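As the structure is a computational prediction, the values presented were derived from the model and not from experiment.
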Amino acid sequence: MMTKSLLTACTFALLSFSAAHAAKSEATAATAPASVTMTTDTNDKIGPSIDLYDKVLAGYTDTWTYTFRANSEARVTVEGDGDTDLDLYIYDENNNLITKDDDNIDYCICTWTPKWTGTFKIKIVNRGSVYNRYHLMIP
């Protein structure tokens, strides 16, 4: 499984949407490229705020990475298009599950306070039988 780096995606998105999309797995490489908006508010995190639109195929998982700062509240929000159930899982750099939102809808919010500054995996799982366009936000 390929990992998508949000900071890399944002940097490349400024140059080319296709470059931002290159980090997606082969199964989703033929889909439309991710749309990324990056802001410069970095008060509580290492990287910029993320406002990203992408889609995850039926039965697949999109994985992104992002670096959060220790002792500052971290929040990841995913809002799907309503077609399928999406689940959100956050893992630390040691692959420990930190938090999750795995209810039966496609609107997910995970909030936690990292104990150390590090890179976290953001996994978006599509539980449905069709693709789901989602909006990923890290304020």
[X] and [Y]: which non-hydrogen atoms are nearest, and at how many Å?
{"X": "Asn132", "Y": "Asn126", "answer": "N-ND2, 3.6 Å"}
{"X": "Pro114", "Y": "Ala74", "answer": "CD-CB, 4.0 Å"}
{"X": "Tyr131", "Y": "Asp81", "answer": "O-OD2, 4.2 Å"}

Problem set entry | Distance-only polar pair, side chains of Thr119 and Thr65, donor-acceptor under 3.5 Å |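 Their side chains do not contain a donor-acceptor pair, so the 3.5 Å distance test is not met.
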Exercise. When rounded to the nearest 0.5 angstrom, what is the spacing between CD in Glu73 and OG1 in Thr111?
Worked result: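 Going from CD on Glu73 over to OG1 on Thr111, the span is 5.5 Å.
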Exercise. Roughly how far, to the nearest 0.5 Å, is CG of Leu57 from OG1 of Thr84?
Worked result: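 Here the interatomic distance stands at 10.5 Å.
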Exercise. Does one hydrophobic cluster hold both Ile98 and Val76, with members joined at side-chain heavy-atom distances below 4.5 Å?
Worked result: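 Both belong to a single hydrophobic cluster.
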Problem set entry | Within 45° cone and under 6.0 Å: Lys123 NZ/CZ vs Tyr91 ring |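 Ring-cation test returns yes.
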Exercise. In terms of the angle between their ring planes, are Tyr53 and His135 parallel, tilted or perpendicular, with boundaries placed at 30° and 60°?
Worked result: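 If you compare the ring of Tyr53 with that of His135, the planes turn out parallel.
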For this session: Just grab all the salt bridge (Lys or Arg N to Asp or Glu O under 4.0 Å) pairs involving residues 94-110, residues at least two apart or on different chains.
Result: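 Found Lys100-Asp102.
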Exercise. Is there side-chain contact between Val125 and Leu86, with heavy atoms separated by less than 4.5 Å?
Worked result: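 They are not in contact (no side-chain heavy atoms under 4.5 Å apart), so the answer is no.
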Exercise. Are Trp64 and Phe120 an aromatic pair by the rule of ring centers under 6.0 Å?
Worked result: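 No, too far apart.
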Problem set entry | Any donor-acceptor pair under 3.5 Å from Thr117 side chain to Ala70 backbone |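 Indeed, once roles are kept as given, a pair shorter than 3.5 Å links the two residues.
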